[in-house]
Amino acid sequence: MGEESAAEVAVPGREPSRSAAGRQGGADCRNTKLIAALAEHAPADLAMVGLPGGVFRMGSEDALAYPEEGPVREVEVDAFAIAPTTVTVAEFAVFVASTGYRSEAEVFGDSLVFAGLLAEAVRAQSPAVAQTPWWRQVAGATWLHPRGAGAEAGREDGHGPIVALPDHPVTHVTRHDAEAYAAWVGARLPTEAEWEYAARGGLDQQPYPWGGVREPGGVPRMKTFVGDFPEAPTEPVGTVPADAYPANGFGLHTMTGNVWEWTSGVFAPDDDRAVLRGGSHMCHASYCLRYRTSARTAVTPETSLGHTGFRLAVDV
């Protein structure tokens, strides 16, 4: 099939691993100072952008659209506020430091990581996902250690595992994790309609948050995979800071590319999987065009992935 639909990479029937949970418990103790250091980079206040709401044309039937994006229909959203960026590692660290929260990836003992980010030894010992072998099920991969917990997980020099960067989107979080964080700060996940209304930035039926041209003037406006997917990137792979690219007309950054974003909806009346929006740094024109304002995919809410995060919304 070849498309980077998150639904294809879900790991069904995940059960908590007692041995993995035990190891993670120890890792939490050792990482207390690290988490506190990351938390110091978080802003003191929760920034939100108020949007007036209204009627907009949701969905797409253009040449780039997948069937699940249509039909185009008029949808009304009430006024609400939404975060200008996805929740960052630093912000999630504040939550963990304050509450002792353990993400579901920590409880399960593993998460899915793009093989191109892994040291060769880790790639060799991490099971590939059927049909999408560029995904590897990596022991100890969490929001804090996005490539795994072992020293060999991200560095060849043995100096310890790669640590998540404070200004990058938090990843390896399930929808349950996202909902727990949102509840803690007094917010919620956006609905699908709210997310798309916000992503469009006031534009009508444009595929990108900034308009109809993917790279105006040849300048990238979002983080996607560059090169031949998945084995031959010509630029660094992985996430970039949550505000790395210019904002759309509503003042919102990286609504497409970088990381998929959890929403509060279900995929279809007969499909109660959770909905992700926006595409990610793994999208590539050769196999996946889901880095657009109307694109959507489905995944089970307990699935954690190295290219999935979330942003907050609140009622006004």
Side-chain angles (χ1 to χ4, degrees), residues 1-10 51-80 82 86 131-132 175 188-216 221-225 229 248-250 252 254-301 303 305 307-311 313:
M1 210 158 137
E3 297 168 3
E4 187 238 357
S5 169
E8 297 172 24
V9 300
L51 300 181
V55 177
F56 77 107
R57 291 200 294 166
M58 184 173 179
S60 178
E61 297 172 355
D62 67 22
L64 302 178
Y66 293 86
E68 66 270 11
E69 298 176 35
V72 175
R73 64 276 190 197
E74 289 192 345
V75 174
E76 183 173 6
V77 296
D78 295 331
F80 68 105
I82 191 165
T86 52
Q131 298 184 332
T132 53
R175 190 166 83 170
R188 58 177 174 79
L189 297 181
T191 67
E192 259 206 278
E194 288 173 336
W195 188 96
E196 185 169 326
Y197 173 83
R200 291 185 178 279
L203 302 177
D204 178 54
Q205 284 293 294
Q206 297 300 310
Y208 308 110
W210 52 88
V213 179
R214 179 180 168 185
E215 295 187 354
R221 298 291 297 269
M222 60 182 164
K223 176 61 174 175
T224 56
F225 190 98
F229 187 87
N248 71 0
F250 287 159
L252 310 177
T254 59
M255 294 296 295
T256 55
N258 213 19
V259 293
W260 284 98
E261 300 182 23
W262 293 107
T263 67
S264 63
V266 296
F267 194 65
D270 59 350
D271 186 344
D272 62 0
R273 288 176 298 168
V275 181
L276 295 172
R277 299 297 302 259
S280 82
H281 64 83
M282 289 175 61
C283 285
H284 187 274
S286 67
Y287 76 101
C288 171
L289 298 173
R290 289 188 171 90
Y291 42 65
R292 296 173 299 103
T293 53
S294 56
R296 58 199 300 264
T297 194
V299 69
T300 55
T303 298
L305 299 147
H307 69 347
T308 300
F310 66 101
R311 77 177 66 216

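Heavy-atom basis, side chains included; hydrogens, waters and symmetry copies ignored.
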Note to self: Side chains of Arg273 and Val299, heavy atoms from C-beta outward: is any pair under 4.5 Å?
What the structure shows: no
Check: In Å, rounded to the nearest 0.5 Å, how long is the span from CG of Leu252 to CE of Met255?
Finding: 5.5 Å
Checklist line | Heavy-atom side-chain contact between Thr263 and Leu276 under 4.5 Å | finding: no
Margin query: With heavy-atom distances below 4.5 Å as the criterion, would you say the side chains of Ser280 and Asn258 are in contact?
Written below: no
Next item on the list: With side chain to side chain contact (heavy atoms under 4.5 Å, CB included) as the test, would you mind laying out the steps for His284 and Thr224 before giving the verdict?
Entry: CA-CA 6 Å; His284 187 274; Thr224 56; over 6 Å; no
Check: Do you know which of Arg311, Arg290, Arg292, Glu196 makes side chain to side chain contact (heavy atoms under 4.5 Å, CB included) with Arg277?
Finding: Glu196
Next item on the list: Give the minimum heavy-atom separation between Tyr66 and Leu289, together with the two atoms involved.
Entry: OH-N, 3.0 Å
Check: Does a side-chain N-to-carboxylate-O contact under 4.0 Å join Glu215 and Arg221?
Finding: no
Notebook entry, point to check: Can you tell if the side chain of Phe267 reaches within under 4.5 Å of the side chain of Asp272, non-hydrogen atoms only?
Noted result: no
Notebook entry, point to check: Looking at Gly53 and Tyr197, what are the two nearest heavy atoms and their distance?
Noted result: O-OH, 3.1 Å
Checklist line | Approximate separation, where rounding is to 0.5 Å, of Trp195 CH2 and Leu189 CG | finding: 13.5 Å
Checklist line | Closest contact, heavy atoms only, Glu261 versus Thr254 | finding: OE2-O, 3.4 Å
Next item on the list: Could you tell me how the ring of Phe225 sits relative to the ring of Phe229: parallel (under 30°), tilted (30 to 60°) or perpendicular (over 60°)?
Entry: perpendicular
Margin query: Checking the side chain of Asn248 only, and the main-chain atoms of Ala198 only, is there a donor and an acceptor separated by less than 3.5 Å?
Written below: yes
Item checked: Side-chain donor-acceptor pair present, Arg214, Tyr291, cut-off under 3.5 Å -> yes
Notebook entry, point to check: Which distance, rounded to the nearest 0.5 Å, do you find between the NE2 of His281 and the CH2 of Trp260?
Noted result: 12.0 Å
Item checked: Non-hydrogen side-chain atoms of Trp262 and Thr308 separated by less than 4.5 Å -> yes
Notebook entry, point to check: Between Val266 and Asp271, is a side chain to side chain contact (heavy atoms under 4.5 Å, CB included) present by the stated rule, with each step listed?
Noted result: CA-CA 7 Å; Val266 296; Asp271 186 344; over 6 Å; no
Check: So, for Thr293 and Thr256, which heavy atoms are closest and what is the spacing to 0.1 Å?
Finding: N-CG2, 4.1 Å
Note to self: I'd like to know if the side chain of Gln206 reaches the main chain of Leu203, judged simply by a donor and an acceptor atom lying under 3.5 Å from each other, with no hydrogens or angles considered.
What the structure shows: no
Check: Minimum heavy-atom separation for Cys283 to Cys288, with atom names?
Finding: SG-SG, 3.4 Å
Margin query: Atom CG of residue position Asp78 - does it have more than 12 heavy atoms of other residues, nucleotides or ligands inside 6.0 Å?
Written below: no
Item checked: Glu74 atom CD: more than 12 heavy-atom contacts under 6.0 Å -> no
Next item on the list: Compare all side-chain heavy atoms of Met58 with those of Glu192 and state whether any distance is below 4.5 angstrom.
Entry: yes
Margin query: Given 3.5 Å as the limit, does a donor-acceptor pair link the side chain of Tyr208 with the main chain of Arg200, or not?
Written below: no
Item checked: Side chains of Arg57 and Asp204 in contact at under 4.5 Å (non-hydrogen atoms) -> yes
Checklist line | Contact check, side chains of Arg188 and Phe80, non-hydrogen atoms, under 4.5 Å | finding: yes
Margin query: For Thr297 and Val275: C-alpha separation, side-chain torsions, deciding distance, then whether side chain to side chain contact (heavy atoms under 4.5 Å, CB included) applies.
Written below: CA-CA 6 Å; Thr297 194; Val275 181; over 6 Å; no
Margin query: Ignoring hydrogens, what is the shortest heavy-atom contact between Ala193 and Val77? Give both atom names and the distance.
Written below: CB-CG1, 3.8 Å
Notebook entry, point to check: Is a side-chain donor-acceptor pair under 3.5 Å present for Ser294 with Glu69?
Noted result: yes
